[in-house]
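Just so you know, these numbers use all the heavy atoms, side chains as well, and skip hydrogens, waters and symmetry mates. Quick caveat: nothing in here was measured; it's all calculated off a predicted structure. Just so it is clear: chains get the letters A, B, ... in the order the sequence lines come, proteins before strands, and each one is counted from 1.
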2 protein chains.
Amino acid sequence: MSLQQQPVKEQRRTRQRAAVDEVLEETEDFISAQDLHAVLRTRGMSVGLATVYRTLQTLADNGQVDVLHTSSGEAAYRRCARDEHHHHLVCRSCKATVEVAGPAVERWTKSVAKEHGYVDVAHTLEIFGLCPRCAAQQ
Amino acid sequence: MSLQQQPVKEQRRTRQRAAVDEVLEETEDFISAQDLHAVLRTRGMSVGLATVYRTLQTLADNGQVDVLHTSSGEAAYRRCARDEHHHHLVCRSCKATVEVAGPAVERWTKSVAKEHGYVDVAHTLEIFGLCPRCAAQQ
DNA sequence: CCTTGTTTTGACAATGGTTGTCAATCTTTA
DNA sequence: TAAAGATTGACAACCATTGTCAAAACAAGG
Ligand SMILES: [Zn+2]
Ligand SMILES: [Zn+2]
Ligand SMILES: [Zn+2]
Ligand SMILES: [Zn+2]
């Protein structure tokens, strides 16, 4: 993810955005807007649900977080370590995530698109499975 | 798509399923349940919306159609020519679709998963862009 | 053809994630 | 401190999808 990120739109520093940032910072795995909102509530750092949605949306637009669409159709967000384009190996059960780079895949998608005359291309690629921990306890 | 398709569950032949099949058969591009339902309506072949959803769901479960989750979060279905696992190069604008096979990508995802001890893996990969036709007229 | 047991249908309600609304509130800048 | 503008949040609205369940359709025998 994090392809062609737009120039970061200037924004104001607010308590709410800092709160969302803070949770993202310390959350290792992908988390949905609803879940992030719940985390904030339990911590007493109350932020409106709509605000959580808007903040995550903006962060995603700016390429500051990666977005993953789960099979159930809900979006999950994550602040990744690496800034360059990469993909994710995600545990279907506990969401444990490994960031992976695949230069060969990038080249392949480009060549396939070119071969068929498609331009302005982007791609989505996610790998799902059971992490070692989850596989062991089942 | 079309990975590990389950044994096809036996079903009854009904007017409604035939109607959905017919539309899928003659539709070259990915189409959503709502759109397919609309097509049926305009043709006078009235089928309940819930039935369209159920029918497509079953076809997808049986691996008889491929499913694509658009960025707006809605599912689109397509009866593809090839039966083996493959991916799609889809026009962002008109939905024109090219089926592509990428053995190298398949191998890569498997090795990445193995390397990190993930098991029972699957992956999603779609390429989006502007097809030659749409690119030309813009 | 009937009959019977089972599957399927469809109108409608309900769900659930997400977005729109808009007055009140907060930031920033002057 | 004040004015201009961005942000917030409670709530309603949206919209794709699923659940409900009685009525209709199907398949297999008789
Ligand atoms: Zn990432
Ligand atoms: Zn796990
Ligand atoms: Zn396909
Ligand atoms: Zn096109």
Novice: Could you work out, with side chain to side chain contact (heavy atoms under 4.5 Å, CB included) as the rule, every residue matching A/E106, not counting sequence neighbours?
Specialist: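 A/E106 satisfies side chain to side chain contact (heavy atoms under 4.5 Å, CB included) with A/H85, A/H87, A/H123 only.
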
Novice: Would you indicate whether the side-chain heavy atoms of B/H69 and B/T124 approach each other to under 4.5 Å?
Specialist: no

Novice: Which pairs, with at least one residue in residues 26-62 of chain B and sequence neighbours excluded, count as a ring pair (Phe, Tyr, Trp, His ring centres under 6.0 Å)?
Specialist: B/F30-B/H88

Novice: Please answer whether the main-chain N or O of B/E84 pairs with a side-chain N or O of B/H86 as donor and acceptor at a distance below 3.5 Å.
Specialist: yes

Novice: Using a 4.0 Å heavy-atom cut-off to protein, can you give one letter per nucleotide of nucleotides 23-30 of chain C, 5' to 3': B if the base is in contact, S if only the sugar-phosphate is, - if neither?
Specialist: ----BS--

Novice: For A/V121 and A/V112, run side chain to side chain contact (heavy atoms under 4.5 Å, CB included): C-alpha distance rounded to whole Å, both residues' side-chain angles, the deciding distance at 0.1 Å, then the answer.
Specialist: CA-CA 10 Å; A/V121 293; A/V112 165; over 6 Å; no

Novice: Ignoring backbone atoms, test whether A/R54 places a side-chain nitrogen or oxygen under 4.0 Å from the OP1 or OP2 oxygen of C/dT19.
Specialist: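 Checking A/R54 against C/dT19: no side-chain N or O falls below 4.0 Å of OP1 or OP2.
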
Novice: Is any side-chain N of the basic residue among B/E126 and B/K95 closer than 4.0 Å to the acidic one's carboxylate O?
Specialist: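 Not counted as a salt bridge, because no side-chain N and carboxylate O are separated by less than 4.0 Å.
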
Novice: Give every donor-acceptor pair under 3.5 Å between a side-chain atom in residues 73-81 of chain B and any protein atom, sequence neighbours left out.
Specialist:
{"unit_1": "B/R78", "atom_1": "NE", "unit_2": "B/E28", "atom_2": "O", "d": "2.8"}
{"unit_1": "B/R78", "atom_1": "NH1", "unit_2": "B/E99", "atom_2": "OE2", "d": "2.8"}
{"unit_1": "B/R78", "atom_1": "NH2", "unit_2": "B/E28", "atom_2": "O", "d": "3.3"}
{"unit_1": "B/R78", "atom_1": "NH2", "unit_2": "B/E28", "atom_2": "OE2", "d": "3.4"}
{"unit_1": "B/R79", "atom_1": "NE", "unit_2": "B/E25", "atom_2": "OE1", "d": "3.2"}
{"unit_1": "B/R79", "atom_1": "NH2", "unit_2": "B/D21", "atom_2": "OD1", "d": "2.8"}

Novice: Rounded to 10°, tell me the angle between the two end axes of the helix from C/dC1-D/dG30 to C/dA30-D/dT1, each built from five pairs.
Specialist: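 Result, rounded to 10 degrees: 30°.
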
Novice: Provide, to the nearest angstrom, the distance between the CE atom belonging to B/M45 and the P atom belonging to C/dT9.
Specialist: 13 Å

Novice: Could you tell me the separation between the CD atom of B/Q57 and the C1' atom of D/dA16, rounded to a whole number of Å?
Specialist: 12 Å

Novice: Give a yes/no on whether any side-chain N or O of B/Q16 is located under 4.0 angstrom from OP1 or OP2 of C/dT8.
Specialist: no

Novice: Phosphate oxygens OP1/OP2 of C/dT19: is one of them under 4.0 Å from a side-chain N or O of A/Y53?
Specialist: no

Novice: What is the distance, rounded to the nearest whole Å, between atom CG of B/D35 and atom P of D/dC15?
Specialist: 14 Å

Novice: With a 4.5 Å cut-off on side-chain heavy-atom distances among I, L, V, M, F, W and Y, is there a chain of contacts connecting A/L68 to A/V23?
Specialist: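 Different clusters.
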
Novice: If every non-hydrogen atom of B/Y118 is compared with every non-hydrogen atom of A/V98, which pair is closest and at what distance?
Specialist: OH-CG2, 3.9 Å

Novice: Atom CG of A/L56 to atom P of D/dG9: distance rounded to whole Å?
Specialist: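 Rounded to the whole Å, the gap is 14 Å.
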
Novice: Give the C-alpha distance, both sets of side-chain angles, the deciding distance and a yes or no for side chain to side chain contact (heavy atoms under 4.5 Å, CB included) between A/R54 and A/Q16.
Specialist: CA-CA 11 Å; A/R54 279 185 299 238; A/Q16 291 84 346; over 6 Å; no

Novice: Grab the NE2-P distance between B/H69 and D/dT17 for me, whole Å please.
Specialist: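 After rounding, the gap between these two atoms is 7 Å.
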
Novice: Would you say B/Q34 places a side-chain N or O within less than 4.0 Å of OP1 or OP2 belonging to D/dC15?
Specialist: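 For B/Q34, the contact criterion (side-chain N or O under 4.0 Å from OP1 or OP2 of D/dC15) is not met.
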
Novice: Take B/L59 and B/L24, measure what side chain to side chain contact (heavy atoms under 4.5 Å, CB included) needs, and give me the verdict at the end.
Specialist: CA-CA 11 Å; B/L59 288 172; B/L24 281 175; 3.6 Å; yes

Novice: List in numerical order all residues of residues 70-80 of chain B for which some heavy atom is under 4.0 Å away from an atom belonging to DNA chain D.
Specialist: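 Per residue number, the list reads B/E74, B/A75.
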
Novice: B/C131 vs B/S93, test: side chain to side chain contact (heavy atoms under 4.5 Å, CB included). Steps then yes/no.
Specialist: CA-CA 8 Å; B/C131 74; B/S93 173; over 6 Å; no

Novice: Can you measure B/L40 atom CG to C/dT9 atom C1' for me and round it to whole angstrom units?
Specialist: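 After rounding, the gap between these two atoms is 14 Å.
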
Novice: How many Å lie between CD1 on A/I31 and C1' on C/dG17, as a whole number?
Specialist: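 Whole-Å distance recorded here is 15 Å.
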
Novice: For A/L59 and D/dT7, give me the distance from atom CG to atom P, rounded to whole Å.
Specialist: 12 Å

